[in-house]
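Report on the structure given below.
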Amino acid sequence: MIEPFLVHAPARISDTERRIFLGRYRERLLGLAHAPTIAYPKLVDFDHSHVLKSA
């Protein structure tokens, strides 16, 4: 899963800040192949009670 791109309260930022965020978002979309990801445990990493097993 790819890390989310977040902008908090976009309706409350200035036009200049909005353009900066939009530029960053554009770069993020163009670079999706290299975007940071979030690692999640696999199903086998959990016990029968759905609790993550100890390492």
Side-chain angles (χ1 to χ4, degrees):
M1 175 173 271
I2 296 174
E3 288 183 0
F5 182 91
L6 300 175
V7 178
H8 296 281
R12 296 183 179 179
I13 62 177
S14 69
D15 287 343
T16 301
E17 290 173 307
R18 190 172 291 110
R19 278 191 289 277
I20 291 168
F21 281 119
L22 287 171
R24 290 179 187 166
Y25 187 61
R26 181 181 189 279
E27 292 303 315
R28 179 67 178 273
L29 290 177
L30 292 173
L32 278 180
H34 306 289
T37 58
I38 300 172
Y40 288 98
K42 296 178 177 36
L43 188 58
V44 297
D45 296 332
F46 294 89
D47 66 15
H48 67 281
S49 299
H50 308 289
V51 175
L52 191 60
K53 297 175 187 175
S54 298

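For Asp47, the salt bridge (Lys or Arg N to Asp or Glu O under 4.0 Å) criterion is met by no residue, not counting sequence neighbours. Contacts of Tyr25 classified as ring-ring contact (aromatic ring centres under 6.0 Å, His included), with partners at least two apart in sequence or in another chain: Phe5. Under the rule for a ring-ring contact (aromatic ring centres under 6.0 Å, His included), Phe21 has no partner lying at least two apart in sequence or in another chain.
For the pair Ile13 and Pro10, the tightest heavy-atom approach, listed with the atom from each and the gap, is CG1-O, 3.2 Å.
Under a 4.5 Å side-chain heavy-atom cut-off, the cluster of Ile, Leu, Val, Met, Phe, Trp and Tyr residues that includes Leu52 is completed by Phe46. In the hydrophobic clustering (ILVMFWY side chains linked at under 4.5 Å, chained through shared members), Ile38 is joined by Met1, Tyr40.
Heavy atoms from other residues, nucleotides or ligands lying under 6.0 Å from CG of Leu29 number more than 12.
Sorted by first and then second residue, the salt bridge (Lys or Arg N to Asp or Glu O under 4.0 Å) pairs involving residues 16-34 (not counting sequence neighbours) are Asp15-Arg18.
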